[in-house]
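Below, chains carry the letters A, B, ... as their sequence lines are ordered, and counting in each starts from 1. None of these values were measured; they are calculated from a predicted model.
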Amino acid sequence: MDFREVESKWQKFWEEHPDLYKAQNVSSREKKYVLVEFPYPSGSGLHIGHTFTFTGGDVYARYLRMKGFEVLFPMGWDAFGLPTENYAIKTKQKPQKITKENTEMYKSQMKKLAFSFDWSREVNTTDPAYYKWTQWIFVQLYKKGLAYKQEMPINWCPSCRIGLANEEVLQSKTGKNVCERCGAEVERRTISQWVVKITDYADRLIEGLEKTDFIDKVKAAQINWIGKSEGARVKFKIKNYDEELEVFTTRPDTLFGATFMVVAPEHLFVKKLKERVGGKKWSEIENYVLESKKKSDLERTDLVKEKTGVWTGLHAINPVSREEIEIWISDFVLGNYGTGAIMAVPAHDQRDWDFAKKFRLPIRPAIYPKNLKNLNKFMSFYWGGDMEDGQEDGATADEFYHVVGTIKPYVEAVGEIWGSGDWNGWEVPRDFDKVLDWIEKKGIGERSTTYHIRDWIFSRQHYWGEPIPMIYCEKCGWQPVDESDLPIVLPEVEAYEPTEDGQSPLAKIEEFVNCKCLVCGGEAKRETDTMPNWAGSDWYFLRYIDPNNDTVIAREEWLKKWMPVDVYIGGDEHNTLHLLYSRFIYQFLWDIGSVPKEIPEPYYKRISHGVILGPDNQRMSKSKGNVIVPETVADKYGVDVLRMYLMFMGPFEGTMAWNEKTLMGVKRFLEKYSKNILKAIDNKQSNVESDSSNKIKLIINKTIKGVSEDIERFSYNTAIAKLMEANNALVDKYNEVSKEDLRSLIKLLAPFAPYTAEELWAYWAKASEGSVHQQQWPEVEEKYLIEDIFRVAVAVNGKVRSEIEVSSEDENDEQKVLLLAREDEKMKSWLVGKEIVREIYVKGKMVNLVVK
RNA sequence: GCCGAAGUGGUGGAAUUGGUAGACACGCAGGUCUCAAAAACCUGUGGCCUCAUAAGCCGUGACGGUUCGAUUCCGUCCUUCGGCACCA
């Protein structure tokens with residue numbers, strides 16, 4: 001069998017029978033929606049990672065189809081993006097043309113690799129008929145107040161004169177932030193940007209996870225990314241100054257231990273200080289603020305070791321202890337988290353401790369720690385005799401070290417509250433609520449929740465993206481374009497270089513920019529920023545369901561049929577952003593009634609696929625010269641060998657290195673298996689059909705059971721191992737295998753090796769029976785799984801010492817099995833002179849005799 | 001630092017709810033075929049002790065625990081990988 005002939009023959013056949021893999025919207029079968037992340041069609045073609053992932057999805061989809069499900073297994077193109085834009089600039093070609101060439105190349109490669117996608121549902125994010133709906137979603141977000149324009153600092157490349165997204169900024173060897181394209185050092189610039197309020201959905205995005213079956217890793221990553229913290233906001237009055245500072249804290253129970261405050265350099269409070277402090281102090285402050293502004297986010301978080309800061313010259317009043325505490329400015333406090341100001345409790349927080357240590361600020365504990373080793377020293381140091389007159393002052397870090405010596409510089413804030421007035425004797429975290437109640441009752445502060453997740457910066461100053469469908473009128477302000485005018489089509493232009501002032505290339509195109517205000521009819525301008533890459537990929541799985549609909553995203557009837565996605569296969573790199581963004585957009589669409597009410601989450605299960613490393617155990621890269629090109633491998637060994645090897649390499653989620661020797665093992669297997677089956681078929685044609693023996697039935701049924709279960713849990717490597725086992729067990733018995741069972745063996749191969757299976761099937765099946773991929777998956781016949789005689793291990797005190805044979809009639813007769821075990825020849829030496837104190841029989845598996 | 005996953009032969013990896021650890025494959029060794037090599041096929045292959053494929057001992061990162069029995073459950077620790085990270 002020459003695989004080249006076989007492949008071209010069946011490719012042609014499949015091409016002529018497009019209904020084979022077509023998902024029917026109207027069908028009596030139960031549905032399954034199998035989704036693989038759609039690729040970015042780059043110029044270098046489909047790589048081995050795609051091949052691996054898509055094969056994983058394809059095996060599953062083919063299996064489910066044969067199991068009798070109506071399977072939706074679609075494919076499309078996430079084609080907006082920088083590489084194409086850059087290539088367009090370099091080669092002076094239209095991105096539209098480049099995209100078309102690349103998607104055509106990808107598609108033909110995918111067909112060759114026998115992926116059973118339903119091509120009638122192909123989507124492309126760069127198709128105006130598609131991005132009409134990406135824009136429509138943005139308009140809905142705007143209408144619901146979830147999209148707004150704001151001044152935002154961005155990364156600016158002075159050489160390319162372009163704004164860069166965070167993912168387009170690289171870190172150089174010297175620790176500087178540089179432009180991905182040209183290597184120039186990136187600056188910070190403040191530009192007005194569209195922002196989407198994903199923070200409004202933070203709680204829903206956490207709660208929704210309960211309705212999914214994502215693995216813990218993914219759930220944890222999402223929860224971690226959202227970063228919800230519950231605590232309180234507390235207001236601090238300032239001495240001799242008519243201002244207040246509000247802080248957010250997750251530990252209001254340590255309020256008595258707050259011995260100073262710190263505000264972020266970008267805090268509004270700092271800007272007002274010029275008038276209040278003035279002169280020398282102000283220039284000191286101003287210097288510090290300027291210094292920290294120069295630092296990038298990375299530098300600010302990189303230099304964790306050494307804290308910097310400046311005193312404002314002001315004092316705040318601790319609202320519970322009434323003490324005067326210093327107010328400092330430091331960039332370890334973030335301007336965009338919480339209130340941008342903190343109360344510092346150095347006794348119970350590492351960062352506050354570090355700061356207090358450096359600037360010799362007082363330290364005072366508020367919690368009597370539960371697990372403190374050096375309790376006596378700690379106690380006498382802090383509370384000694386001072387407690388009684390209520391004059392306990394904080395101590396500086398130097399004093400702390402001197403007296404306490406070996407204990408940790410700060411202590412876990414778990415235990416009994418001390419030195420805190422009314423709260424003394426309460427235990428935290430148990431009495432956390434009591435503290436919050438007390439604080440709210442006294443009007444000092446209130447319960448509050450904060451998130452790490454920030455609103456989503458939605459503007460990009462690039463050409464190759466969806467135009468943001470907004471219009472600005474000097475008089476009437478921002479307005480969305482009329483929905484009937486969608487899509488706002490990306491104009492085809494000659495040059496894609498950015499403008500002098502960092503605006504999107506679209507800004508140069510007057511006929512695009514100039515338009516009429518929808519309110520007053522006067523002169524207005526279109527937004528020229530485009531959307532980020534995520535925008536098109538947030539909702540593509542909905543479009544597959546109804547790809548040509550011009551009136552809605554997808555019709556409800558079909559959404560109800562197909563959603564949610566049963567299994568979503570993708571990479572770990574998309575477990576946070578893409579998954580979160582698309583869940584957010586889906587939840588939003590749910591809120592506005594664009595998706596069915598009974599389906600609140602888009603994805604039921606998420607599987608993260610593994611990574612294929614080069615033969616040198618390194619990530620594949622052109623510079624390392626360790627890239628494996630799927631087409632080359634397929635040309636040399638055949639598509640089926642490539643597919644099967646990829647699935648056999650290791651667990652689907654794992655990281656595995658390419659190894660051509662192991663591939664040879666798979667090739668040998670596939671050849672032997674085919675040869676054996678073909679030979680058996682030839683013999684069958686002359687012989688009278690007879691049924692397989694029970695021994696053979698056992699092998700066949702065990703294999704059917706094992707392969708099915710393994711595919712269902714994405715354990716493809718063991719599924720293939722079971723086919724190999726079957727082949728090894730049948731190697732000298734193939735002639736005794738019945739026709740029906742030979743058919744089953746071919747069917748079991750079909751999801752992994754679609755060409756070979758098709759060829760084997762055609763070797764004897766009538767043409768009217770059609771493709772092997774339309775056949776019913778073999779059923780397990782339980783009655784054949786029962787073995788006449790099976791072996792039961794016999795252990796003494798848990799160690800296996802012998803084995804006995806038990807017939808199936810005696811399997812349930814515990815007394816008889818135990819008797820056989822005790823009387824076993826080998827057991828005698830183990831039992832002599834011992835007393836059996838206990839006997840355990842695990843049905844059909846083992847006996848354990850406990851002796852003394 | 002926090003969160004998550006994982007540590008099993010020479011290698012990739014099996015062992016689905018606690019029940020015969022090492023399935024399957026690679027590699028290696030020996031053999032068949034061959035003038036020879038490659039390919040193909042057959043046999044063996046965790047370590048120790050052995051003439052022995054007799055019996056035994058050790059063995060799933062380390063140490064303890066629960067159990068008749070632990071790769072699997074619990075505790076402490078070590079290591080690796082992935083995510084987040086001055087988030088109050």
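Distance check on atom C1': B/G19 versus B/G10 gives 30 Å, rounded to whole Å. For the P atoms, the distance linking B/G47 with B/A38 amounts to 25 Å, nearest Å. Straight-line distance between the C1' atoms of B/A15 and B/A29: roughly 28 Å, to the nearest whole Å. Between the C1' atoms of B/C74 and B/G83, the separation comes to 27 Å (whole Å). For the P atoms, the distance from B/U72 to B/G59 is 14 Å, rounded to whole Å. Look at the C1' atom in both B/G9 and B/A25: the space between them is 14 Å, to the nearest Å. Remark: the separation of the P atoms in B/A52 and B/G64 is 34 Å, to the nearest Å. Remark: the separation of the P atoms in B/C28 and B/U66 is 47 Å, to the nearest Å.
In this structure, A/Arg801 reaches the sugar-phosphate backbone alone: every heavy-atom distance under 4.0 Å involves primed, P, OP1 or OP2 atoms, never a base. When heavy atoms are screened at a 4.0 angstrom cut-off, A/Glu709 is found touching base atoms of the nucleic acid. Contact annotation for A/Gly227: no contact, since no heavy-atom pair falls under 4.0 Å across all strands. Among the protein residues, A/Arg713 comes within range of the nucleic acid bases, having at least one heavy atom under 4.0 Å from a base atom. Using a 4.0 Å heavy-atom criterion, one finds that A/Glu803 contacts the bases of the nucleic acid, with or without backbone contacts as well. Contact annotation for A/Asn848: base contact, defined as any heavy-atom pair under 4.0 Å involving a base atom. If you check every strand for non-hydrogen atoms under 4.0 Å, A/Lys826 touches sugar and phosphate atoms only. Using a 4.0 Å heavy-atom cutoff across all strands shown, A/Lys219 reaches no nucleic acid atom at all. Base engagement by A/Met846 is indicated by at least one non-hydrogen atom pair under 4.0 Å involving a base atom. At the heavy-atom level, A/Trp830 lies under 4.0 Å from the strands shown only through sugar-phosphate atoms. Residue contacts shown for A/Asp352 are absent, as no nucleic acid heavy atom lies under 4.0 Å away.
Using a 4.5 Å heavy-atom threshold, the side chains of A/Tyr716 and A/Phe648 count as separate. Side chains of A/Arg606 and A/His574 form a contact here, defined as non-hydrogen atoms less than 4.5 Å apart. Side-chain contact between A/Val333 and A/Asp331: absent, with no pair of heavy atoms (C-beta onward) separated by less than 4.5 Å. Side-chain contact between A/Glu803 and A/Val794 is absent, with no heavy atoms from C-beta onward closer than 4.5 Å. Side-chain contact between A/Arg251 and A/Phe432 is present, with at least one heavy-atom pair separated by less than 4.5 Å. Contact annotation: the side chain of A/Ile215 approaches that of A/Ser608 to within less than 4.5 Å [non-hydrogen atoms, C-beta and beyond].
Dashed line: the shortest gap from a side-chain N or O of A/Lys675 to OP1 or OP2 of B/A40 is not under 4.0 Å. In terms of phosphate contacts, A/Asn728 brings a side-chain nitrogen or oxygen within less than 4.0 Å of OP1 or OP2 of B/A25. Using a 4.0 Å cut-off, no side-chain N or O of A/Arg838 falls inside it from OP1 or OP2 of B/G69. Side-chain nitrogen and oxygen atoms of A/Asn717 include at least one within less than 4.0 Å of the OP1 or OP2 phosphate oxygen of B/A14. An OP1 or OP2 oxygen of B/A55 is reached within less than 4.0 angstrom by no side-chain nitrogen or oxygen of A/Ser829. Considering only side-chain N and O atoms, A/Lys845 lies nowhere under 4.0 angstrom from the phosphate OP1 or OP2 of B/G69. Dashed line: the shortest gap from a side-chain N or O of A/Arg668 to OP1 or OP2 of B/A40 is under 4.0 Å. Taking 4.0 angstrom as the limit, A/Arg619 places none of its side-chain polar atoms (N or O) nearer than this to OP1 or OP2 of B/C81.
In this entry the distance linking CE of A/Met656 with P of B/C26 reads 18 Å, nearest Å. Between the CG atom of A/Asn224 and the P atom of B/A85 there is a distance of 8 Å, given to the nearest Å. B/A6 atom C1' lies 13 Å from atom CD1 of A/Ile215, rounded to whole Å. The distance from atom CD of A/Glu653 to atom C1' of B/A6 is 13 Å, rounded to the nearest whole Å. Separating the NZ atom of A/Lys228 from the C1' atom of B/C84 is a distance of 19 Å, rounded to the nearest angstrom. In this structure, A/Ile226 atom CD1 and B/C2 atom P are separated by 22 Å, rounded to whole Å. A/Tyr337 places its OH atom 13 Å from the P atom of B/A85, with the value rounded to the nearest Å. Put simply, CG on A/Leu613 is 12 Å from C1' on B/G12, counting in whole angstrom units.
With B/C24, B/G27, B/G13 as the candidates, the nucleotide lying closest to the side chain of A/Phe648 is B/C24. Nearest to the side-chain atoms of A/Ala220 among the listed nucleotides B/A23, B/G4, B/A88 stands B/G4. Checked against B/G13, B/G19, B/A88, the side chain of A/Phe248 finds its nearest nucleotide in B/A88. Between B/C26, B/A88, B/C41, one nucleotide has an atom nearer to the side chain of A/Lys672 than all others, and that is B/C41. Side-chain atoms of A/Ile840 lie closest to B/G19 of the nucleotides B/A14, B/G19, B/A88. Among B/A88, B/A23, B/G4, the nucleotide with an atom closest to any side-chain atom of A/Ser229 is B/A88.
Residue order along RNA chain B, read from the 5' end via each residue's closest nucleotide, puts A/Met724 first among A/Met724 and A/Thr576. Between A/Thr655 and A/Lys667, the residue anchored nearer the 5' end of RNA chain B, judged by the nucleotide with its closest heavy atom, is A/Thr655.
Screening A/Ile612, A/Leu613, A/Val611 for a side chain to side chain contact (heavy atoms under 4.5 Å, CB included) involving A/Met620 leaves a single residue, A/Ile612.
Between A/Phe584 and A/Trp456, the two ring planes are perpendicular [angle over 60°; tilted spans 30° to 60°].
An anti base is found at B/G27: its glycosidic angle is more than 90° from 0.
A salt bridge is defined here as a Lys NZ or Arg NE, NH1 or NH2 lying under 4.0 Å from an Asp or Glu carboxylate O, and A/Arg447 with A/Glu440 meets this definition.
Checked against a 6.0 Å centroid threshold, the rings of A/Trp658 and A/Tyr645 count as neighbours. Ring centers of A/Tyr637 and A/Phe3: at least 6.0 Å apart, outside the cut-off. A/Phe359 has its ring centre no less than 6.0 Å from the ring centre of A/Trp311.
Contact of A/Lys307 with B/C86 (side chain to base): a donor-acceptor pair of N or O atoms is detected under 3.5 Å.
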Using Watson-Crick and G-U wobble pairs whose two distances are both under 3.5 Å, how do you write the pairing of RNA chain B as dot-bracket, with | for links to another strand? (((((((..(((......[....)))((((((.......))))))(((.......)))..(((((..]....))))))))))))....
